[in-house]
Amino acid sequence: MINIHLCPDVKSIKRLVELLLLLVIFAACESDNDTTVPPENSINGFWSIPEKGWVFEFTDGKNIFYNTNAAGCSIQDDDFVLQDFYEFDFDVIGENELIASSELSDSEIVFMRLPNQNPDCLPDQISDTKDPIINFDHFWNIFNDYYAFFETRNIDWAQYESLRDQVTADNFYDIIEELAYLLDDGHVSIYDEQNGIEINSGDPTLLEKLNANLSIDLAIENESDFFDLGNEKLRTIFNDYLGGNVESDERQNILWGLINDDTGYINIITMEGYGTDFNNELSSLNLLLDSIMDDIESSGVSKLIIDIRFNDGGVDTVALNIASRFIDQERISYFKKARLGDSFTENKSFSVGPRGNFQFTGDIVLLTSPFTISAAELFTLCLKDVPYVTVVGENTAGAFSTILTHILPNGTEVGLSNEIYSDAQGTVFEVVGIGPDNQENYIPFLSTQDFQEEKDSGIDRALEILKN
C-alpha cells in the first residue's frame with residue numbers, strides 16, 4: 001500500500017520554507033463570526049444539494065448532515081452547525097430554496113427543500129455498519145453517482161461492481177485502494193484515521209513524474225526525500241537567484257524578491273491559510289497582496305517570474321484574488337459544472353478582473369510543475385491566455401475539481417472529483433493538466449543536472465524568455 005501522501009498537503013511544502021527562513025508561524029486567534037443564518041423554524045425540515053448527494057435535516061434541536069447514494073445513506077455529521085458551514089451567508093428564497101453564498105466560494109450553493117414525509121434520507125435508512133460488503137456498495141455507488149471523469153479517464157466503472165462478491169473484512173481496504181489508484185486522480189482519496197488508512201489516488205503518478213529526470217541516487221521514495229530535494233532547490237533559488245534577499249509573510253505562504261534590477265520573482269507556496277480562520281481569509285490575503293504589489297511597483301521591475309511549482313492548491317477564491325493582481329482587464333477565465341445524475345448542472349462562466357491599486361501587467365513567466373494542483377491549477381487557467389504571460393515548466397497535475405467528501409457507513413472518509421472546469425474556449429485540462437505551449441519551454445521541475453550544477457533550469461529559461 002503506497003502511503004507517501006505527497007499531495008495535497010500544503011503544510012508539507014510550507015515546512016520546506018520553514019527550514020530555510022526559520023520564521024515563526026503566525027499563531028491563529030479567534031475572530032468574530034458574521035455569518036447570516038435564517039431563524040431555525042424557517043428552515044426546519046429536510047434540504048438537499050442533489051449534485052453533491054448531501055441532505056440536511058434542520059430541527060429546533062440537533063441538525064444532521066447526511067450523505068446519500070444509490071446504496072443508501074450515512075451520516076457525515078450528527079451535530080451539524082449551520083453557522084460553521086464555511087462562512088456561508090444564507091437566504092431563504094420562498095419556501096423551497098435556501099441559497100448559500102460566501103466570499104470563499106466562487107458560486108452559490110442551492111439547497112432544495114424535500115418533503116418531510118419522503119426525504120432522500122430517513123433515520124431508518126441509515127447504514128451504520130462495518131460490514132465490508134455494505135461499505136463496498138456505498139463506495140462503488142458514491143463514485144457511480146457523483147464522479148465526473150470516468151469517460152475522461154477511460155474507466156468502465158460498471159465492471160468493478162462485481163468485486164463486492166470478493167470483499168471481506170481483511171481485504172476491504174486493499175480492494176477499494178486498487179479502485180482508487182485505477183482512477184489516478186489527485187482529488188480522489190480514502191481516509192480512515194482509526195485504522196491508519198490514508199490512500200491518495202494520484203500519488204503513484206506524481207512520484208513517477210517527479211522522478212522522471214532524477215537519477216536513482218536522488219529518486220523520491222517518501223515525504224522525507226521530497227522535503228530534502230525541495231529544500232535544496234529552494235536554497236538554490238534564494239541564494240543563487242535572489243542573492244539571499246527574500247521577503248515573506250509571517251506564514252511563509254508567499255515569498256518574493258528581485259532577481260535583477262529588471263526582473264522580480266514571486267513564489268506562491270499555497271492557496272490557503274492566509275487568515276486566522278475562514279472569516280478573514282481573503283481580507284488578510286488582500287492586505288498581503290497590497291504589500292507585495294507595492295514592493296513590486298516601487299522596485300520598478302518590468303518583468304516578473306511567478307513560481308507555483310511548489311503549490312498544491314487550497315481555496316479557489318484565494319487563487320482568483322491573487323490572479324486579479326496580474327490581470328489587465330476583466331475577461332471570462334473559466335467555466336464550471338458538476339455531475340448531476342446522467343447529466344450536469346448548468347455550465348457557468350466565471351470572470352476575473354483587475355483588483356487593487358496596482359496590477360503588474362508587464363511580461364510574466366509562470367512556472368508550473370506536476371505538483372501544481374487544484375486551486376493552483378485554477379490560477380494557471382486564469383493566466384495562461386493572458387497575452388503577456390508565458391507558461392514554463394511541466395504540465396500541472398490535471399485535478400481541478402473541488403473535492404466532494406462522503407462518509408462510508410464505517411466512518412471512512414472518501415474524496416472524489418465532482419466538477420468539470422474548462423477554460424474560456426471550453427477546453428478541459430483534467431488529467432492532462434496545463435503546461436507550456438512549446439517543447440522549448442518544457443523544463444523539468446526536478447532534475448539531476450540541476451542539482452549537480454546547483455541551478456534552476458526553469459528560472460534560467462524564464463530569464464531567457466524575458467530577455468527578448
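Note that the numbering runs from 1 along the sequence shown for the chain.
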Going by the angle between their ring planes, with limits at 30° and 60°, are Tyr146 and His406 parallel, tilted or perpendicular? tilted
Between Ile190 and Ile176, which heavy-atom pair has the shortest distance, and what is it? CD1-O, 3.6 Å
Any sub-3.5 Å donor-acceptor pair from Ser298's side-chain atoms to Asp295's backbone N or O? yes
Residue pair Asn280 / Thr276, side-chain donor-acceptor N/O under 3.5 Å: yes
Before giving the answer on salt bridge (charged side-chain N to carboxylate O under 4.0 Å, His left out), spell out for Asp307 and Arg309 the whole-Å C-alpha distance, their side-chain angles and the decisive distance to 0.1 Å. CA-CA 6 Å; Asp307 193 343; Arg309 292 174 297 177; 2.7 Å; yes
Is it true that Glu464 and Arg461 have a side-chain N and a carboxylate O under 4.0 angstrom from each other? yes
Can you check whether Tyr274 reaches Ile322 side chain to side chain, under 4.5 Å on heavy atoms? yes
Minimal non-hydrogen separation, Gly314 against Ala375, with atom names: N-CB, 3.6 Å
Report the C-alpha distance between Phe326 and Tyr388 in whole Å, list the side-chain angles of each, state the deciding distance to 0.1 Å, and finish with yes or no for ring pair (Phe, Tyr, Trp, His ring centres under 6.0 Å). CA-CA 10 Å; Phe326 308 102; Tyr388 46 83; 9.2 Å; no
What are the two closest heavy atoms between Ile199 and Ala180, and how far apart are they? CG2-CB, 4.2 Å
Are the aromatic ring centres of Tyr421 and Phe429 under 6.0 angstrom apart? no
Any idea how Phe150 and Trp157 line up, ring-wise: parallel (<30°), tilted (30 to 60°), or perpendicular (>60°)? parallel
Counting only heavy atoms not in Asp437, do more than 12 fall under 6.0 Å of its CG? no
Do side-chain atoms of Thr317 reach the backbone of Leu104 as a donor and acceptor pair under 3.5 angstrom? yes
Applying side chain to side chain contact (heavy atoms under 4.5 Å, CB included), run through Ile269 and Ile254 and close with a yes or a no. CA-CA 6 Å; Ile269 299 294; Ile254 301 180; over 6 Å; no
Look at the aromatic rings of Phe80 and Phe56 and report parallel, tilted or perpendicular, splitting at 30° and 60°. tilted
Short side-chain to backbone donor-acceptor contact, Ser299 and Ile296, under 3.5 Å: yes
From CA spacing to verdict: side chain to side chain contact (heavy atoms under 4.5 Å, CB included), Thr372, Ile434: CA-CA 10 Å; Thr372 307; Ile434 303 171; over 6 Å; no
Expected output: side-chain Gln252 to main-chain Glu250 donor-acceptor under 3.5 Å: yes
Using side chain to side chain donor-acceptor pair (under 3.5 Å) as the criterion, point out the one residue from Ser417, Ser401, Ser201 that pairs with Asp185. Ser417
Do Gln359 and Ile327 touch side chain to side chain, with heavy atoms closer than 4.5 Å? no
Pairing donors with acceptors under 3.5 angstrom, does anything connect the side chains of Thr345 and Glu51? no
What verdict does the side chain to side chain contact (heavy atoms under 4.5 Å, CB included) test give for Gln76 and Thr405, after you've listed the backbone C-alpha separation in whole Å, the side-chain angles of each residue and the deciding distance to 0.1 Å? CA-CA 9 Å; Gln76 183 158 155; Thr405 59; 3.4 Å; yes
Side-chain touch Phe238/Leu255, heavy atoms, less than 4.5 angstrom: yes
Interatomic spacing from OH in Tyr147 to CG in Leu416 - rounded to 0.5 Å: 8.0 Å
When you look at CG of Asp79, are more than 12 heavy atoms from neighbouring residues, nucleotides or ligands closer to it than 6.0 Å? yes
Main-chain N/O of Phe227 paired to Asn231 side chain as donor or acceptor, under 3.5 Å: no
Got a sec: does the CD of Glu193 have more than 12 other heavy atoms crowding it under 6.0 Å? no
Please check this pair: side chain of Arg251 against backbone of Gly273, looking for a donor-acceptor N/O pair closer than 3.5 Å. yes
Look at the side chain of Glu377 and the backbone N and O of Gly398, then say whether any donor-acceptor pair between them is shorter than 3.5 Å. yes
Will you find, in the side chains of Tyr442 and Glu394, an N or O donor that is under 3.5 Å from an N or O acceptor? yes
Give a yes or no on whether the backbone of Leu287 and the side-chain of Ser291 come within a donor-acceptor separation of less than 3.5 Å. no
Could you go step by step and tell me if His187 and Phe149 meet the side chain to side chain contact (heavy atoms under 4.5 Å, CB included) rule? CA-CA 11 Å; His187 275 169; Phe149 296 108; over 6 Å; no
Measuring only between side-chain heavy atoms, which start at C-beta, is Leu229 closer than 4.5 Å to Leu218? yes
Nearest heavy-atom pair of Pro370 and Phe445: which atoms, and what distance? CD-CB, 4.4 Å
For the pair Phe358 and Phe360, name the ring-plane relationship: parallel under 30°, tilted 30 to 60°, perpendicular over 60°. perpendicular
Are the side chains of Leu242 and Ile259 in touch, meaning some heavy atoms are under 4.5 Å apart? yes
Is the number of heavy atoms from other residues, nucleotides or ligands under 6.0 Å of Asn357 CG greater than 12? no
Modelled atom types, side-chain donor and acceptor of Ser302 and Asp262, under 3.5 Å: yes
Quick test of your reading of the model: are Asp363 and Lys303 salt-bridged, counting only N-O distances below 4.0 Å? no
Using 30° and 60° as the class boundaries, would you call the ring planes of Phe58 and Trp47 parallel, tilted or perpendicular? tilted
Do the non-hydrogen side-chain atoms of Phe379 and Asn311 ever get within less than 4.5 Å of each other? no
For atom CD of Glu453, is the number of surrounding heavy atoms from other residues, nucleotides or ligands below 6.0 Å larger than 12? yes
Counting the benzene-type ring for Trp, do Tyr241 and Tyr265 have ring centres under 6.0 Å apart? no
Looking at the rings of Phe226 and Phe371, which for Trp means the six-membered one, are their centres under 6.0 Å apart? yes
Thr263 and Asn260: side chain donor to acceptor below 3.5 Å: yes
Heavy atoms only: give me the nearest Ile220-Asn211 pair and the separation to one decimal. N-OD1, 2.6 Å
Does Thr448 use its side chain to pair, donor to acceptor, with the backbone of Ser215 at less than 3.5 Å? yes
Can you find a side-chain donor-acceptor pair between Asp450 and Ser457 that sits under 3.5 Å? yes
Could you tell me whether the side chain of Asn200 and the main chain of Asp203 form a donor-acceptor pair under 3.5 Å? no
Sidechain N-carboxylate O distance under 4.0 Å for Asp106, Lys336: yes
Taking the side chain as every heavy atom from C-beta outward, state whether Ile332 and Ser351 have any atom pair closer than 4.5 Å. yes
Nearest 0.5 angstrom please: Glu198 CD to Ser189 OG, how far? 8.5 Å
Side-chain ion pair, Asp240 and Lys455, N-O less than 4.0 Å: no
Under 4.5 Å between any side-chain heavy atoms of Phe111 and Trp54, yes or no? no
Do Glu419 and Thr402 get their side chains close enough for a donor-acceptor pair, meaning under 3.5 Å? yes
Measure across Val391 and Asn441 and return the closest heavy-atom pair with its distance rounded to 0.1 Å. O-CB, 3.8 Å
Under a 4.0 Å N-O cut-off, is there an ion pair linking Asp290 with Arg355? no
